[in-house]
Amino acid sequence: MHGSIIILLKRYVQTQYDHSTWVTLMELSGISKVEFDHKTVYPDEYIYALVGHASAMTGVSAGELHERFGEYLVPDLMYMYQRLLRPEWKTLDMIEHTELTMHKQVRKEHTENSPPVLDVTRIGPNELVIEYVSDRRMGGLAVGIVRGLANYYDEADQIHIIPTTSEDGEHVNIRVRRIPPRGE
Ligand code: HEM
């Protein structure tokens, strides 16, 4: 997994919990000596171990933690890749273009990067369906990212996220519908 994502996970734990929680999670995961940087790709096992222990410590399920972390990630992801964003995009457009802009760029940056395939079908101006495909099985993160995008674009009240499969499979379907405000 991309170093930037793990560094953001560290910041998430430090801000939502505290620094000593992060140190404990690193120790429990057997990686307390590892220093993370933005340029390195780290084994996915690190994330699984960190989230697994976080779940055991907090009693919050791993799927729910993935969702919360995904939501938290968005402002930083948008900042990191801001040069690829178009000013006219809102939540649904952003999702529709991720595969051929953001994730495409991530794949180019490092041969070991492998963001999920997002096969997006735009059903209409206010609706789309995402088919998430990844053997990492992090569909919860995808749901959280969609929620984070809706916050980012100030559309949280309008965007409805309906996963139509289980969120922890290699293929996850997520329906996203925008209900426009009255008068639009
Ligand atoms: C600004 C937009 C986005 C940027 C810059 C971005 C960037 C990234 C990066 C850098 C990774 C790590 C890849 C790796 O380590 O191999 C990643 C993974 C991921 N992305 Fe995105 N992403 C964006 C939007 C989205 C959206 C809209 C979704 C879902 C709807 C999504 C779902 C995921 C998931 C679930 C992963 C975790 C890896 C996996 O499941 O295989 N991303 N993304």
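Read the numbers this way: they start at 1 and go in the same order the structure lists the ligands and their atoms. Note that the coordinates shown come from a computational prediction; the quantities given were computed from them, not determined experimentally.
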Under-4.0 Å heavy-atom contact with ligand 1, by part of Leu118 that carries it: side chain
Proximity to ligand 1 by part of Val146, non-hydrogen separation under 4.0 Å: side chain
Taking both backbone and side-chain atoms of [X], is any N or O found less than 3.5 Å from an N or O belonging to ligand 1?
X	result
Tyr81	no
Glu112	no
Ser114	yes

How far is [atom] from its nearest protein heavy atom, and which residue and atom is that?
atom	answer
atom 37 (C) of ligand 1	Leu141 CD2, 3.5 Å
atom 41 (O) of ligand 1	Ser134 OG, 2.6 Å
atom 38 (C) of ligand 1	Arg136 NH1, 3.1 Å
atom 33 (C) of ligand 1	Pro116 CG, 3.5 Å
atom 23 (C) of ligand 1	His103 NE2, 3.7 Å
atom 26 (C) of ligand 1	Ile145 CG2, 3.6 Å
atom 27 (C) of ligand 1	Thr98 OG1, 3.5 Å
atom 15 (O) of ligand 1	His2 N, 2.6 Å

side-chain hydrogen bond (donor to acceptor under 3.5 Å, both in side chains) pairs touching residues 27-36, sequence neighbours excluded, are none
Mark up the atoms of ligand 1 that fall under 4.0 Å of a heavy atom belonging to [X], in ascending order.
X	answer
Met102	1 (C), 2 (C), 3 (C), 4 (C), 5 (C)
Met138	35 (C), 40 (O)
Met78	1 (C)
Met94	1 (C), 2 (C)

Ion pair check, Arg178 and Glu184, cut-off under 4.0 Å: yes
Presence of salt bridge, Glu99 and Lys104, under 4.0 angstrom: no
If you measure from CD1 on Ile174 to CD1 on Ile162, what distance do you get to the nearest 0.5 Å?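 Nearest 0.5 Å value for the CD1-CD1 distance: 11.0 Å.
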In terms of side-chain heavy atoms, does [X] have a donor or acceptor partner in [Y] at a distance below 3.5 Å?
X	Y	result
His38	Ser4	yes
Tyr72	Arg11	yes
Tyr42	Asp37	yes

Got Asp168 and His66 here, is their nearest side-chain heavy-atom distance under 4.5 Å?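 The answer is no, as the side chains (C-beta and beyond) never meet within the 4.5 Å cut-off.
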Ignoring hydrogens and angles, tell me if any N or O in the side chain of [X] forms a donor-acceptor pair with the backbone of [Y] under 3.5 Å.
X	Y	result
Arg136	Asp44	no
Thr101	Leu84	no
Gln82	Tyr79	yes

Following the transitive rule for hydrophobic clusters with a side-chain heavy-atom cut-off under 4.5 Å over Ile, Leu, Val, Met, Phe, Trp and Tyr, establish whether Ile145 and Met78 coincide in one cluster.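 Ile145 clusters together with Met78.
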Heavy-atom gap Met80 to ligand 1 smaller than 4.0 Å: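 Judged by the 4.0 Å heavy-atom criterion, Met80 does not count as contacting ligand 1.
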Run the contact test for Leu149 against ligand 1 with a 4.0 Å cut-off on heavy atoms, strictly below, and give the result. yes
